[in-house]
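Throughout, protein chains are lettered first and strands after them, A, B, ... in sequence-line order, and every chain is numbered starting at 1.
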Number of protein chains: 2
Amino acid sequence: MSKVLKNDHTEETLFEVAEFFKVLGDPTRIKIVSALFENGELCVNDIVNLVDVTRTAVSHQLRILKDKRIISYRKEGQMKFYHLDDAHVEVIVLLTITHLSHH
Amino acid sequence: MSKVLKNDHTEETLFEVAEFFKVLGDPTRIKIVSALFENGELCVNDIVNLVDVTRTAVSHQLRILKDKRIISYRKEGQMKFYHLDDAHVEVIVLLTITHLSHH
DNA sequence: TTAATAAGTGAGCAAGTGTTCACATATTAA
DNA sequence: TTAATATGTGAACACTTGCTCACTTATTAA
């Protein structure tokens, strides 16, 4: 008599969850995301200063975050102000920080 | 007059957050984690059947999850029963699934 | 128009990752 | 002891990833 195994979440759902975590699973990108929810909105130059990597590297990571719909921007003159696309991301990251602090 | 930029979370904290997300950011590992919180406890063979990758691949990923303190096991005879090490992980994953379902 | 500022792109490359293959260990049954 | 079952390990390899370098685009100022 073998127990029936539960398998409620679809392959596709779990793949999307993995994709989401993978995007947040990089030091540069999580620093950018953290800087954005702490400051609300930042131009690329401010992000570069806070995150301490090169302009080019920041640009590449901003593109990835934008493609995955985690951030968006508002254009003002020649500057772009980036912000989080969805408040849930902040909740998930803060919950994780709390979880890890009880390590 | 430039605004002061907030930078409250330490480099180290954010690095650990990235590490945590990186571990969950793989399809095989997130499937294992999901299978474990759905079923409470599973032996390797059951995990292999639920997750649909080879025994060897599952073993390697179980080791990574164990090293990162996301899972533990209980030994019974020649079998090992794996389970989540901390309920917070389930909360974070479920919250993420909810977040993505409102995509 | 020309120069300066803000931001982005694409190729190249070193480093990292997940799987497979062959082999190893541990426990139980014959 | 021998065989069978359950699980783990390490090297090899293809694939992915994040950075840097050189160059480009867009906007504003001179």
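A straight line from CG of B:N45 to P of D:dG8 spans 12 Å, rounded to a whole angstrom. D:dG18 atom P lies 13 Å from atom CG of A:D67, rounded to whole Å. Between B:E76 atom CD and D:dT5 atom C1' there is a gap of 15 Å when expressed in whole angstrom units. The CG atom of B:L65 sits 14 Å away from the C1' atom of C:dT17 (whole-angstrom rounding). Put simply, CZ on A:F81 is 15 Å from P on D:dT27, counting in whole angstrom units. Look at CD1 on B:I47: it is 9 Å from P on D:dG8, rounded to the nearest Å. Following rounding to the nearest Å, A:D52 (CG) and D:dC19 (C1') show an atom-to-atom distance of 14 Å. Atom CG in B:D26 sits about 14 Å away from atom C1' in D:dT17, given to the nearest Å.
Within 4.0 Å (heavy atoms only), B:R55 reaches at least one base atom of the nucleic acid. B:K66 comes within 4.0 angstrom of no nucleic acid atom, judged by non-hydrogen atoms across all strands. Nucleic acid contact class of A:Y82 (heavy atoms, under 4.0 Å, all strands): sugar-phosphate only.
In this structure, A:R63 does not reach the C:dG8 phosphate: none of its side-chain N or O atoms is under 4.0 Å from OP1 or OP2. In this model, the phosphate group of D:dA26 is not approached by any side-chain N or O of A:K80 to a distance below 4.0 Å at OP1 or OP2. Not one side-chain nitrogen or oxygen of B:R29 sits closer than 4.0 Å to the OP1 or OP2 atom of C:dT17. In this model, the phosphate group of C:dT27 is approached by a side-chain N or O of B:K75 to a distance below 4.0 Å at OP1 or OP2. The phosphate of D:dC19 (OP1 or OP2) has a side-chain N or O of A:Q61 nearer than 4.0 angstrom.
Counting only distance, with no hydrogens or angles, the side chain of A:E38 and the backbone of B:D8 share a donor-acceptor pair below 3.5 Å. Not a single donor-acceptor pair under 3.5 Å links the side chain of B:S34 to the backbone N or O of B:I30. Counting only distance, with no hydrogens or angles, the side chain of B:S59 and the backbone of B:T56 share no donor-acceptor pair below 3.5 Å.
Crowding of A:K6 atom NZ: a count of heavy atoms from other residues, nucleotides or ligands under 6.0 Å not exceeding 12.
With DNA chain D read from its 5' end, the first of the two nearest nucleotides for B:D46 and A:Q78 is the one closest to B:D46. Between B:H60 and A:I64, it is B:H60 whose nearest contact on DNA chain D lies nearer the 5' terminus.
Ring-plane geometry between B:F21 and A:F21 is classed as parallel, the angle between the planes falling under 30 degrees on a 0 to 90 degree scale with a further cut at 60.
Of the candidate nucleotides C:dG18, D:dC19, D:dA22, D:dA22 has the atom lying nearest to any side-chain atom of A:T56. Each of D:dT20, C:dT19, C:dG8 was ranked by its minimum atom distance to the side chain of A:S59; first place goes to C:dG8.
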